[in-house]
Amino acid sequence: MPRSKKGISLKLIVDGEVIYLYLNNLRKALNRIGKKVVSNARKVLKQQKKVVTGNLSKSLYYTIEGTDEGIELLFEGHAPYWDFVEQGVKGLISNAKAPDSPYKFGSGNFEGTGTLRGGIDRWVIQKPIKGIRDSKGKFIPRKQMVSAISTKIYNYGIEPSNFYTIALDQGEKKNLLLISKAIGVDVTDFVEENMTGLYNISITI
């Protein structure tokens, strides 16, 4: 199902003739769903108090990809760590916080340029976190606090926030209905413009 100059289309061959079924209404529906899911995902991040600098929230986006196998509505983020926040990260010592995550600290599979300690340092500054005292009542220096937090996260991991998953689940039934109606309109328009006779069209998603 390729993406044509006019949008997403389905290539059909009828009696040796190539005919394109343009899925314009489906494209509009997917754009509507994509914008809503990204908006809801940002709300989820805010509700979970995971918005500090706003970089992650602002970086979220969606794309519509047409392939030979079908159409994919993809949700991603420009921030290199967006999926770590979504799926969580296993710790070097324990996987308990994110047992199903494909990511693990110490695995060497992160290709970004930042570091965990650098990220925590910026987070501590921008949060900001009130001064923390040690067992003797003395304030802990920021560098020492950053080191302690980074070490704990590295060893024990990060829990998944599932901000995209939650956003998708929130409108699942409504989105499926929107998609089915859009496809129905596109197919009906195609049949009326290109075929004669009576047809019974059933769409199941």
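Count residues from 1 along the sequence.
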Quick one: does Ser59's side chain have a donor or acceptor within less than 3.5 Å of a partner on Gly77's backbone? no
Check the angle between the aromatic planes of His78 and Tyr61 and answer parallel, tilted or perpendicular using the 30° and 60° thresholds. parallel
For Val44 and Gln170, run side chain to side chain contact (heavy atoms under 4.5 Å, CB included): C-alpha distance rounded to whole Å, both residues' side-chain angles, the deciding distance at 0.1 Å, then the answer. CA-CA 11 Å; Val44 172; Gln170 286 174 344; 4.3 Å; yes
Identified side-chain contact (heavy atoms from CB on, under 4.5 Å) partner of Lys181 from the options Leu177, Ile179, Leu178: Leu177
For Asp83 and Tyr103, does a side-chain donor sit closer than 3.5 Å to a side-chain acceptor? yes
Distance (rounded to the nearest 0.5 Å) between Lys58 NZ and Leu45 CG: 13.5 Å
Is any side-chain heavy atom of Val37 less than 4.5 Å from a side-chain heavy atom of Leu73? no
Any sub-3.5 Å donor-acceptor pair from Lys104's side-chain atoms to Gly91's backbone N or O? yes
Does NZ in Lys97 sit with more than 12 non-hydrogen atoms of other residues, nucleotides or ligands closer than 6.0 Å? yes
Close side-chain approach of Ile166 and Gln47, heavy atoms under 4.5 Å: no
CG-CG distance between Asn31 and Leu26, expressed to the nearest 0.5 angstrom: 9.5 Å
Donor-acceptor under 3.5 Å (Gln48 side chain, Ser161 main chain): yes
Could you give the distance from OH (Tyr164) to CG (Asp169), rounded to the nearest 0.5 Å? 14.5 Å
In this structure, CD1 of Ile33 is separated from CZ of Phe75 (nearest 0.5 Å) by 7.5 Å
Heavy atoms, side chains only, cut-off 4.5 Å: are Lys46 and Ser57 in contact? no
Just wondering, do Phe84 and Leu56 contact through their side chains at under 4.5 Å, heavy atoms? no
Rounded to the nearest 0.5 angstrom, the CG-NZ distance for Asn155 and Lys90 is 16.0 Å
Please report the interatomic distance CD1(Ile71) to CD1(Ile64), rounded to the nearest 0.5 Å. 8.0 Å
Can you tell if the side chain of Asn25 reaches within under 4.5 Å of the side chain of Asp189, non-hydrogen atoms only? yes
Would you confirm whether Glu159, through its side chain, and Gly88, through its main-chain N or O, come within 3.5 Å as a donor-acceptor pair? no
The side-chain contact (heavy atoms from CB on, under 4.5 Å) partner of Val89 among Phe105, Tyr156, Tyr154 is Phe105
Output yes when a side-chain donor or acceptor of Arg42 lies under 3.5 Å from a complementary backbone atom of Leu60, and no otherwise. yes
